[in-house]
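What follows is a set of notes on a single structure, which appears directly below.
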Amino acid sequence: MIPRGTSFDNIREVLVSSKSGFRDIADVSVEGRKIFSREVKAVKVVCKSTKALGENAKRLTKETEVEQVLEEDIRYSCLYLLETGAVPCQWCQLQVREIGVSEASVTNTYAATSSPTATPVDGIPELRIIAFSWMAFGERSSPNAARDPISVIAVARNDGQERTFVRSDLSDRDVIVRFVEFLKKFDPHIVAGFESNRVGWPYLMERAKLSGASLDVGRIGSSPHMSVYGHVSITGRVSMDVFNYADELPEVKVKTIENVAEFLGITVSTILPDELELSTAWSKSDSRHHLEDCTLNRARATLEMAKRFLEFGIELSSLTCMPLDQVAAAAVGHRVDLYLMKEAHTQGHLIPHRIERPYMRYQGAIVLEPQKGLHENVVALDFTSMYPNLMILYNLSPDTFVPIHEEIDSDQCWLIEGPGHRFRKSPPGLYKRALTNLIAFRNSVKDKLKSASLSDSERRILAERERAVKVITNGCYGYAGWPGARWYVREVAESAATLGRLSISRVIQRCRDVDLTVIYADTDAVFVNHDKDKVDALLRWVSENLHMDIRPDKMYQRVLFTEAKKKYAGLLVDGTIDIVGMEVVRGDWSEIARDIQERVIEMILTEGSLDKAKEYALTAISQVRRGKIELQDFIIWKSLTKPIEEYNVRAPHVEVARKYLTLGRELVPGDKIGYVVTTKGTKLHEKAQPYFAVAPDQVDREYYISNQVVPVVARVLGVFNIGEDQLVSGEQHSLT
DNA sequence: GCACTGAGATTACCC
DNA sequence: ACGGGTAATCTCAGTGCG
């Protein structure tokens, strides 16, 4: 209990006194801190154990004399990093006392007798990495951990050693035991898998439990356990799920090991039968060997991918202070959260709690109606880091925001016209300081990258560092408008959006004033005719008048705009084709439609020949009608975004998902449903069938012509007034 | 009963 | 489980018509 009349002068004695009921308090001090814009005197209580910290914090929260207890909700390991300034994935120095050899699988153990001091050393030390892949299956169904044993575990280590543990000569239990033995003998720093967080480890954990095998792969003999952000943690090692890193590759639409590896240029030859055929394949010895080979190939590919992603992970981890094994699994919002916590701590802010807040929408960016047609010689001008720079320029931050009824001299704050929000001009707010640091850091990395005398590995590390800084910098605006953010104030995001609209509008207006034709604009990019002198003058004007930079980004020899926003295709000056927003780049259209659209776009852009494009389209359509069918080309992939029971609409992919279930395949939100439209049935959701249960002759070719190919071709040719009717009737004429 | 229409649900994209 | 803006498809209930 804290008695009435306790002051900052005697708080220390009161808390430390045995009568207070608080226990294991190591130190109490009174320090000046900030809570948003408020300067406060805060009592810092240091406890002797994490247990005491939790209990004392709980007690203090109930005390009426205490306004608020803060920073007690932060993970202790994170608190330690904040307090000491130590950084994950970096070296540090500290005083130690030897404890001696312990049960842990380490050479020696020490207790820290001082705080660590960050001691950055460039380069990554030699790390032992092991990757594993597994195979389990049901009797013509998805594997179920409660029922189906692990059949194969394959491992690949970065010292070149490989193993495959197979159930044919071992029991399920022995497969796990041998795997664990092999892993522990290698004593890896990093254990990588593909989908190991959601599938691999949970499955192994369940099988180990059922078979009585020990899964003590941790350095202190512990088993893996579920941790924050849905990742699986292995004490003393970095558990790395390569799948998490695949999120950084939007080009890969269906994220299987094979697809991700192929995109990264890693060859992985696994021609696996469908999941539901695995049990049949397993029963024959030669196909069983093939399954074993495939599992090993997957482990090899996982290892290569882990190595490829590691540098980025390390940079992101040390930048955000989030441990390496968590940072990949954490969403951008959480990464920014951690980064800001570190920044806030060094700036003397107390870290607010994460609380539930209502969702409030606000107006976002401007998108202009494009000038439909084919344009020659066009340049896309982009603001460099528009939102971050606006947040810096106008000091947009939760701690500089002036609430509506607060009276303040208008000279002292920025007024955001429109919503009418006000922000103090000084001192610099949390976001301003964080973003200024991030941008300065990124520029310094860019400068280093320009140096000619870099080794390949140094160059890669710097490039990944730049990428990590970019992710956090660009994430700040979205974070500011996210109700789950610790530093959420809607007005900050709303003001940034308002200023963004104002900025791009002024550029567009300026273009019109100087006779630069604006063809299209979206958020922070303006497409104009590439009149070099006028563009150069415009760049100077923007810099002088808006105090931000706009720079020529993509230059097009030719660019085609449809009537729709966010969809265009252009031929860049380097000869490559850039397709944005069109079905070609969408994962939820059949390959056949996307391929044909891509060819049509190519012909128009590179050859400038509308006739050829139209002729090609007609030929392609008749091919679809009469040619040979590769089933692969007809699959339509769509994600399941929620549990199947929650869908109320009989959408094709939802109905197909239900058919997946009846066929024995399990599904979870996030899974991709692949389906093919067949001739069977009348409603689309009846005609759609799981891709693995369809024979080529069942494909409804007419559906694909009229609902996939014709629309996407017409999207392009429609720009030149060639409508769907001409594509359909043209074919009919040639038929008669 | 049938074609048509518009709203709503859903997904994936752009920046 | 970071923001808003956008296109597009398909279902489904409602509407007018015969």
Among [options], the nucleotide that comes nearest once only the side chain of [X] is considered:
| X | options | answer |
| --- | --- | --- |
| A/Asp588 | B/dA12, C/dG5, C/dC12 | B/dA12 |
| A/His334 | C/dA1, B/dC15, C/dA7 | C/dA1 |
| A/Val332 | C/dC10, B/dT10, C/dC2 | C/dC2 |
| A/Tyr359 | B/dA12, B/dT11, C/dG3 | C/dG3 |
| A/Asn707 | C/dC10, B/dC13, C/dG3 | C/dC10 |
| A/Pro711 | C/dG5, C/dT9, C/dC12 | C/dT9 |
| A/Lys672 | C/dA1, B/dT10, B/dA12 | B/dA12 |
| A/Ala331 | C/dA1, C/dC12, C/dG4 | C/dA1 |
| A/Val580 | C/dC2, B/dC15, B/dA12 | B/dC15 |
| A/Tyr568 | B/dC15, C/dT6, C/dC10 | B/dC15 |

Let me know the distance between [atom1] of [X] and [atom2] of [N], rounded to the nearest Å.
| X | N | atom1 | atom2 | result |
| --- | --- | --- | --- | --- |
| A/Glu583 | C/dT6 | CD | P | 18 Å |
| A/Asp522 | B/dC13 | CG | C1' | 11 Å |
| A/Glu655 | B/dA9 | CD | P | 17 Å |
| A/Glu686 | C/dT11 | CD | C1' | 12 Å |
| A/Ile504 | B/dC15 | CD1 | C1' | 10 Å |
| A/Tyr479 | C/dA1 | OH | P | 17 Å |
| A/Glu251 | B/dC13 | CD | P | 11 Å |
| A/Asp524 | C/dG4 | CG | P | 17 Å |

Determine the contact category for [X]: base if any of its heavy atoms lies under 4.0 Å from a base atom, sugar-phosphate if only primed atoms, P, OP1 or OP2 are that close, otherwise nothing.
| X | value |
| --- | --- |
| A/Val654 | nothing |
| A/Ala493 | nothing |
| A/Arg490 | nothing |
| A/Arg650 | sugar-phosphate |
| A/Gly481 | sugar-phosphate |
| A/Tyr703 | sugar-phosphate |
| A/Tyr362 | sugar-phosphate |
| A/Tyr647 | sugar-phosphate |
| A/Gly587 | sugar-phosphate |
| A/Val367 | sugar-phosphate |
| A/Arg361 | sugar-phosphate |

Can a donor-acceptor pair be found, under 3.5 Å and without considering hydrogens, that links the side chain of [X] to the backbone of [Y]?
| X | Y | value |
| --- | --- | --- |
| A/Ser317 | A/Gly313 | no |
| A/Glu686 | A/Lys683 | yes |
| A/Arg501 | A/Ile366 | no |

Measuring to OP1 and OP2 of [N], would you say a side-chain N or O of [X] lies under 4.0 angstrom away?
| X | N | value |
| --- | --- | --- |
| A/Thr641 | B/dT11 | yes |
| A/His685 | C/dT11 | yes |
| A/Lys642 | B/dT10 | yes |
| A/Lys565 | C/dT6 | yes |
| A/Arg715 | C/dA8 | yes |
| A/Ser639 | B/dA12 | yes |

Parallel, tilted or perpendicular: ring planes of [X] versus [Y], cut at 30 and 60 degrees:
| X | Y | answer |
| --- | --- | --- |
| A/Tyr556 | A/Tyr568 | perpendicular |
| A/His334 | A/Tyr229 | tilted |
| A/Phe401 | A/Phe423 | tilted |
| A/Tyr660 | A/Tyr691 | tilted |

salt_bridge(A/Asp73, A/Arg354) N-O dist < 4.0 Å: no
Of A/Trp589 and A/Met360, the one whose closest DNA chain C nucleotide lies more 5':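 It is A/Met360, whose closest nucleotide lies nearer the 5' terminus.
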Residue whose nearest DNA chain C nucleotide is more 5′ - A/Gly333 or A/Thr562: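 First, find each residue's nearest nucleotide; the 5'-ward one identifies A/Gly333.
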